[in-house]
There are 2 protein chains.
Amino acid sequence: MPRTVLDRDDAVRALAGVFRRRGFESGSLSVIQQETGIGRGSLYHFFPDGKADMARAVLAQVRGWFDEQVFEPLRTAGDAGEAVAHMTQVVEEYFVSRDRVCLFAAMTLGEEQETFAREVRAYFADWVDVLTGTLHRSGISGPDAADLAVDAVAAIQGGLIMTRALDDDAVFTGIVARTGRRLHAALS
Amino acid sequence: MPRTVLDRDDAVRALAGVFRRRGFESGSLSVIQQETGIGRGSLYHFFPDGKADMARAVLAQVRGWFDEQVFEPLRTAGDAGEAVAHMTQVVEEYFVSRDRVCLFAAMTLGEEQETFAREVRAYFADWVDVLTGTLHRSGISGPDAADLAVDAVAAIQGGLIMTRALDDDAVFTGIVARTGRRLHAALS
DNA sequence: GTCTATAAAGCGATAGAC
DNA sequence: GTCTATCGCTTTATAGAC
């Protein structure tokens, strides 16, 4: 028996995978144990409050990734067109390589909705706000920029649903490409 | 104690409400019993195979509603502009009055994904196909019509996620309005 | 930090009376 | 068609050895 010793970050990454594949409710501790190879003891050592702690940690890790890779580049971008191109590229890679599931979107359904309402709202509000800012700084009016930003984030999220439903990655990549094109057209 | 006697359709409607509010996995039989007022006995009388039967029945009822109210009007429409306006109007009313949850979209996550993959795929594929047909018949090229249709359905689904996440109905109604406008612009 | 055993509660599903 | 009682199983969470 290997009895591997790992740190909390490894556990969080493994948990994120399980939650994406099985959902938060369905991903029982037995399943988590099997699919991650982490025993009950370790799980409760890292996450004393159980599943709620695990979900919190996973969401925080996703949030951190978006802060670094998506939100901050949009905030500090010189050229809005490049920033939008960068956003669509990294977002597409991110979701395609992670089972086409957005864990924050998943948290808008079911019981866990209320538990993580604050974090979920902040994630989407910040994404929209920071994209609105990028568009606005390059000359688009406030209201137009806000509409374009909401529509873009919604398109990406809807694209994830459609690509899972139709079981076809091209649906998502097509939607992301056209979303980028629409933003680009508004910038010129 | 009332001991109300009801038929299967009443039960299906009540179940749909519970599944929209709590999710399919979280909606346990105890919760279903409490929130619908239907006892375990009645539930298993109407749905002998248990929760899977209940989910199947609820999805079938939603599918029937969309066939009548959305898909068929799009198929038989004379004027594409009117048909699109009708679609956006009834779809907006439907989801706003039903907790901003699309049960088919909810079924693209978690365990139940595989169980209902066929029905989920058919729902979204038919919606996209029938809308593509409406746009194509009014002169839009095949590929363009298909892209517009996928984008429109994705926008609506993404709009539901965003409106739940931001807890603001105006987000959904705004997205639906602009989606209708975009389709309308393509038709002129 | 990891393991196993186990407690306590909740789950879906069934049986049989009414 | 509805009710209640109950079975068997799985769940989350804990305890204590290593």
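Letters go in sequence order (proteins before strands), and every chain restarts at 1.
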If the threshold is 4.0 Å, N to carboxylate O, is there a salt bridge linking A:Arg63 and A:Glu119?
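No, no charged N to carboxylate O under 4.0 Å.
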
Between A:Arg182 and B:Asp151, is there a salt bridge with N-O shorter than 4.0 Å?
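Yes, charged N to carboxylate O under 4.0 Å.
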
How many whole angstroms separate atom [atom1] of [X] from atom [atom2] of [N]?
X	N	atom1	atom2	value
A:Phe47	D:dT14	CZ	C1'	18 Å
A:Glu111	C:dG10	CD	C1'	13 Å
A:Glu112	D:dT12	CD	C1'	16 Å
B:Ile38	D:dC3	CD1	P	10 Å
A:Arg40	C:dA8	CZ	C1'	13 Å
A:Lys51	D:dT10	NZ	P	16 Å
A:Phe24	D:dT11	CZ	P	14 Å
B:Gln34	C:dG12	CD	C1'	15 Å

Nearest to side-chain heavy atoms of [X], which nucleotide of [options]:
X	options	result
A:Phe46	D:dA5, C:dT2, D:dT2	C:dT2
B:His45	C:dT2, D:dT2, D:dA13	D:dT2
B:Ser28	D:dT12, C:dG12, C:dC3	C:dG12
B:Leu29	D:dT12, C:dT2, C:dG12	C:dG12
A:Tyr44	D:dG1, D:dT14, C:dC11	D:dT14
A:Ser30	D:dT11, C:dT2, C:dA13	D:dT11

Give a yes or no answer on whether the side chain of B:Asp49 reaches the backbone of B:Ala52 with a donor-acceptor pair at less than 3.5 Å.
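Such a contact is absent between B:Asp49 side chain and B:Ala52 backbone.
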
Can you label the angle between the B:Trp65 ring and the B:Tyr94 ring as parallel, tilted or perpendicular, going by 30° and 60°?
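Plane angle between 30° and 60°, so tilted.
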
Where each residue is assigned the nucleotide of DNA chain D containing its nearest heavy atom, which of A:Val31 and A:Pro48 is assigned the position nearer the 5′ end?
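On the 5' side of the pair lies A:Val31.
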
When the nearest nucleotide of DNA chain D is assigned to B:Gln33 and to A:Ser26 on a heavy-atom basis, which residue is associated with the more 5' position?
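Between the two, 5'-proximity favours B:Gln33.
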
Base, sugar-phosphate alone, or nothing: which one does A:Gly50 contact when heavy atoms must sit under 4.0 Å apart?
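Answer is sugar-phosphate: A:Gly50 comes under 4.0 Å of backbone atoms only.
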
Any base atoms under 4.0 Å from B:Gly39, or only sugar-phosphate, or nothing? Heavy atoms, all strands.
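Sugar-phosphate: the residue B:Gly39, judged by heavy atoms under 4.0 Å, touches backbone atoms but no base.
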
For a 4.5 angstrom cut-off between non-hydrogen side-chain atoms, does A:Phe172 reach A:Ile161?
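Sidechains of A:Ile161 and A:Phe172: no contact.
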
